[in-house]
Amino acid sequence: MTARSRAALPLLALGLALAALLSVCSGSSGVSAGSALRALFSGPSGTDADLASRVVWSLRLPRLLLAALAGASLASAGAALQALVRNPLAEAGLLGVSAGGSLGAAAVLLLFPVLAGASLVSATALGAAFAAALACGFVLFLARDREGGVSVTRLLLSGVALNALAGAGLGLMLTLTSDQQLRTLAFWMLGSLSRADWPSVAVLAGLALPCGLLLAVRARSLDALSLGEPGAAHLGVNVPRLKGELVAVAAILAGTVTALCGVIGFIGLVAPHLVRLTLGPSHRNLLPASSLAGALLLVLADLAARSLPGGLELPAGAVTALLGAPLFLWMLKRSRL
């Protein structure tokens with residue numbers, strides 16, 4: 001590990017800690033920063049009279065943790081897909097994984113309302129993860145060239161087509177929904193952390209931590225994969241198994257985040273790419289740094305989304321798109337596709 005790598009991880013962790021502290025202390029509920037800090041460090045009081053404790057432990061802290069976990073998950077999914085196709089422009093949203101996950105979550109809500117009502121978090125998460133896996137596998141199948149590799153140009157075009165197809169499916173559902181269902185669907189289409197709660201945090205943490213651990217264990221195999229599939233196989237990597245694991249991890253992480261938070265784009269593209277420019281391509285450093293960077297970016301984006309004058313709040317997905325889309329265009333301009 002280089003000196004730059006040793007310094008980057010503590011700096012990212014410190015930035016995330018400061019952003020988390022600012023997030024807990026900020027809001028439109030009328031609770032001051034001092035009261036929020038006292039409530040945070042004193043623990044949940046369990047009394048209805050303590051407004052600061054209820055706001056921090058029931059609203060702000062679950063939202064903060066969900067934002068951090070979602071950002072880390074999307075960045076990890078992006079790093080996995082970028083290693084798979086060996087190109088920094090790959091990302092779950094661009095490949096149709098997020099759109100497919102959104103369509104799966106919407107299908108569970110609209111076509112199986114009894115199932116969704118019985119267990120909202122688990123049912124929508126499973127539906128989104130399943131649809132995201134199908135979307136990811138379909139795009140990768142279409143992107144294969146004659147030599148059996150992955151064509152980046154075909155990959156991006158296939159992702160555009162699948163995003164359009166999923167958007168058409170969502171549009172069809174919009175025409176068949178009631179006003180209440182329309183408001184529910186808008187949550188997934190725009191992306192938001194406003195419905196964060198402790199069960200959502202538990203679900204995402206229970207999936208993100210094992211997936212992140214699997215990627216960390218496969219760090220050397222991912223480095224070998226950057227040499228190409230034949231080179232990785234020559235070094236003893238089980239390439240088909242590794243590719244299946246990467247697709248599964250990306251689908252689970254992106255699909256679950258979509259189910260819980262809606263479509264939040266560009267975190268999985270921006271965080272790994274910026275880390276790679278700073279620390280280099282070694283996945284031993286890239287994976288943990290990308291997770292911290294993704295968590296930091298989404299916490300800051302959510303903080304900006306809910307810090308508008310007059311108590312207004314933007315969807316977090318809109319903020320990440322406004323920041324990430326120009327950077328993606330710049331990256332696309334610099335690349336040689």
Side-chain angles (χ1 to χ4, degrees), residues 1-6 8-9 12 72-95 97 136-137 139-159 211-254 266-294 327-328 330-337:
M1 183 179 291
T2 65
R4 180 180 294 182
S5 301
R6 287 193 295 268
L9 292 178
L12 285 171
S73 298
L74 292 173
S76 297
L81 288 174
Q82 290 171 13
L84 177 63
V85 302
R86 299 184 297 280
N87 191 278
L89 296 182
E91 191 253 352
L94 297 176
L95 302 186
V97 177
C136 188
V139 169
L140 289 175
F141 171 76
L142 293 178
R144 297 188 69 85
D145 54 26
R146 295 180 179 178
E147 289 75 26
V150 176
S151 168
V152 176
T153 302
R154 290 170 63 90
L155 185 76
L156 294 177
L157 292 176
S158 300
C211 288
L213 180 60
L214 176 62
L215 290 178
V217 170
R218 298 286 186 264
R220 290 187 177 180
S221 298
L222 295 178
D223 290 339
L225 190 61
S226 65
L227 302 175
E229 294 182 17
H234 182 71
L235 293 174
V237 176
N238 188 335
V239 175
R241 177 182 175 181
L242 178 61
K243 291 170 67 176
E245 289 175 348
L246 293 179
V247 171
V249 165
I252 290 172
L253 292 178
F266 293 102
I267 294 292
L269 171 68
V270 172
H273 185 70
L274 293 179
V275 170
R276 186 179 287 105
L277 289 177
T278 305
L279 302 183
S282 173
H283 287 85
R284 183 183 177 185
N285 303 323
L286 177 66
L287 291 171
S290 295
S291 296
L292 288 173
L327 181 58
F328 169 69
W330 173 74
M331 293 166 55
L332 190 62
K333 177 67 175 177
R334 292 181 67 247
S335 66
R336 296 181 178 180
L337 294 181

Do you know which two heavy atoms are closest between [X] and [Y], and how far apart they sit?
{"X": "Ser291", "Y": "Ser76", "answer": "OG-OG, 3.0 Å"}
{"X": "Leu287", "Y": "Ala219", "answer": "CD1-CB, 4.4 Å"}
{"X": "Ser73", "Y": "Leu253", "answer": "O-CD1, 3.6 Å"}
{"X": "Val275", "Y": "Ala289", "answer": "CG1-CB, 3.5 Å"}
{"X": "Leu269", "Y": "Gln82", "answer": "O-NE2, 3.8 Å"}
{"X": "Cys211", "Y": "Ile252", "answer": "SG-CG2, 4.1 Å"}

Rounded distance (nearest 0.5 Å) linking atom [atom1] of [X] with atom [atom2] of [Y]:
{"X": "Ser226", "Y": "Asn87", "atom1": "OG", "atom2": "CG", "result": "13.0 Å"}
{"X": "Arg218", "Y": "Leu213", "atom1": "CZ", "atom2": "CG", "result": "10.0 Å"}
{"X": "Leu225", "Y": "Leu235", "atom1": "CG", "atom2": "CG", "result": "10.5 Å"}
{"X": "Asn285", "Y": "Thr278", "atom1": "CG", "atom2": "OG1", "result": "11.5 Å"}

Notebook entry, point to check: Under 4.5 Å between any side-chain heavy atoms of Leu286 and Leu222, yes or no?
Noted result: no
Check: Do the side chains of Val247 and Leu84 get nearer than 4.5 Å, heavy atoms only?
Finding: yes
Notebook entry, point to check: For the side chain of Glu91 and the backbone of Phe266, is there at least one donor-acceptor N/O pair under 3.5 Å apart?
Noted result: yes
